[in-house]
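Single-structure report; data block below.
Here the structure is a predicted model, which means the values were calculated and not measured. Chain letters run A, B, ... following the sequence lines, proteins first and then strands; every chain starts at 1.
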Protein chains: 2
Amino acid sequence: MTQVDDTDSLRERILSQAEVLFADKGYQGVSVREITAAADCNVAAVNYHFGNKQNLYLEVFRARWLPRAKRLHECFRRSLASQDAPSPASVIQALAQAFLIGPLSDEERHRHHQLMVRELWEPTEALEVVADQVMGPFFREFTDTLRLLMPKGIGVEEERMAFSALSILGMVLYFNFARVAVTRITGCEYDLAFKNRLVAHIVRFSCGGLDGIRTRRLGLCQQDPGDA
Amino acid sequence: MTQVDDTDSLRERILSQAEVLFADKGYQGVSVREITAAADCNVAAVNYHFGNKQNLYLEVFRARWLPRAKRLHECFRRSLASQDAPSPASVIQALAQAFLIGPLSDEERHRHHQLMVRELWEPTEALEVVADQVMGPFFREFTDTLRLLMPKGIGVEEERMAFSALSILGMVLYFNFARVAVTRITGCEYDLAFKNRLVAHIVRFSCGGLDGIRTRRLGLCQQDPGDA
DNA sequence: GTCTATAGCAGGATAGAC
DNA sequence: GTCTATCCTGCTATAGAC
């Protein structure tokens, strides 16, 4: 009961501070000294507990990032399971909410996405954890669920379905990731009210989009690469 | 005519190599020594020509990135001007084409976006160039053009319009930026045919989305942050 | 486990020869 | 303008005391 959890051990403190700093500035942008200063301990402690910097980075993903990703995935799943009348709209909402609001605190979510996007963008060894164990399965689940709920009759080509799922995910990631730009343009902070409006927009826009790819014919001509 | 352009001066060579490397690995990820090695010259040359590393980075944006952004913007403008029956679809197509196909070579475009996304994501001093001089005006132009072409009658709230324009831009940026993920999922390389299909999808999906935000009512409930 | 001390190297920047 | 030589700082990592 009163088992004094080893939560405040130096090892954990280092891990926590490392996560914050790596998320904020990236692997290259952070020095071990910075981390140990933040964790209020000596440089050597990192090498004792994690061997080297690279390993500390990986451990952040294994010990901190992964469990949180699982919680997020669970949140999405539960959200789906709780719906008695699932629809594309409700699935998209579940996705957007999991990412934009989800079960994580604002800070936690921000760190989480920073770390993820960094890995997706310029992969290190940690990509294996991020892409293969998390993003891949999540995306497949999302796409499959969505496909099953699409209005029958007009079969939606496989590629269009993939494009659409990517568009939706891309939008969600963009709104998370380009916060600075979004705030700059809309003039709004990312508080809960704003995020709810954002989720509502994403759902509306995406559902319209899904209709679009089923019904819309393009009257536009394709173009050549264009001149310089 | 045969003016031997100073294009192969050491200064230019450094600038070129710096751009490639900065785009690839980011400011922190590249050392001056690496750049000068690639430009086949001495370390001191950077300090002679640019003062310091930070300034070299800024100069890459001012001297290389900015002109290219202007070309891109021009490409978008000409594309709009050449339309005798402009519509939301044709504007979105112009945007998507400018970014995905545009007047740049594949390599050039890739570098261009890498540099841009880096700045949007973790801004340095160069953000001023990127956001204020380029992205801002471009985005405003896109949004204004789009707004004017929206079906009249049902006025679209200002915020929804901004959200939609952001969604479209976000999608375009995502398809450019998450190439690895997109290729992984669709199994397609980014050749011209694929990019044309992508542009077509973006247009269809976005037009549907625009319809969606005008006509769609949400029957879904908003949610609290959710439990941990 | 946590510290001090230090090795050993790579980074940015500058002075000054040519 | 371009190079050589060098300074100094800050980095990772390790050895060894406590």
Please check the phosphate of D:dT4 (OP1 and OP2 only) for any side-chain N or O of B:Asn42 closer than 4.0 Å. yes

Report task. Taking only the side-chain nitrogens and oxygens of A:Ser31, find out if one of them lies under 4.0 Å from OP1 or OP2 of D:dC11. Result -> yes

Determine whether the aromatic ring centres of A:Tyr27 and A:Phe22 lie less than 6.0 Å apart. yes

### Query
Do A:Phe177 and B:Phe177 have their ring centres less than 6.0 Å from each other?
yes

Find the distance [X]:[atom1] to [N]:[atom2] and express it as a whole number of Å.
| X | N | atom1 | atom2 | answer |
| --- | --- | --- | --- | --- |
| B:Arg33 | D:dC3 | CZ | P | 14 Å |
| B:Asn52 | D:dT9 | CG | P | 18 Å |
| B:Gln28 | D:dG10 | CD | P | 15 Å |
| A:Tyr48 | C:dT4 | OH | C1' | 17 Å |
| A:Asp8 | C:dT2 | CG | P | 12 Å |
| B:Lys25 | C:dG11 | NZ | P | 10 Å |
| B:Lys53 | C:dT14 | NZ | P | 15 Å |
| A:Gln54 | D:dA13 | CD | C1' | 15 Å |

- prompt: With a cut-off of under 6.0 Å to the ring centre and 45° to the axis, is A:Arg118 in cation-pi contact with B:Trp121?
  reply: yes

Exercise. Just checking B:Ala44: base, sugar-phosphate only, or nothing, at a heavy-atom cut-off of under 4.0 Å?
Worked result: base

Heavy atoms only, 4.0 Å cut-off, all strands: where does B:Arg11 land among base, sugar-phosphate and nothing?
nothing

Hits for ring-ring contact (aromatic ring centres under 6.0 Å, His included) against A:Tyr190, two or more places apart or cross-chain, chain-then-number order -> A:Phe194

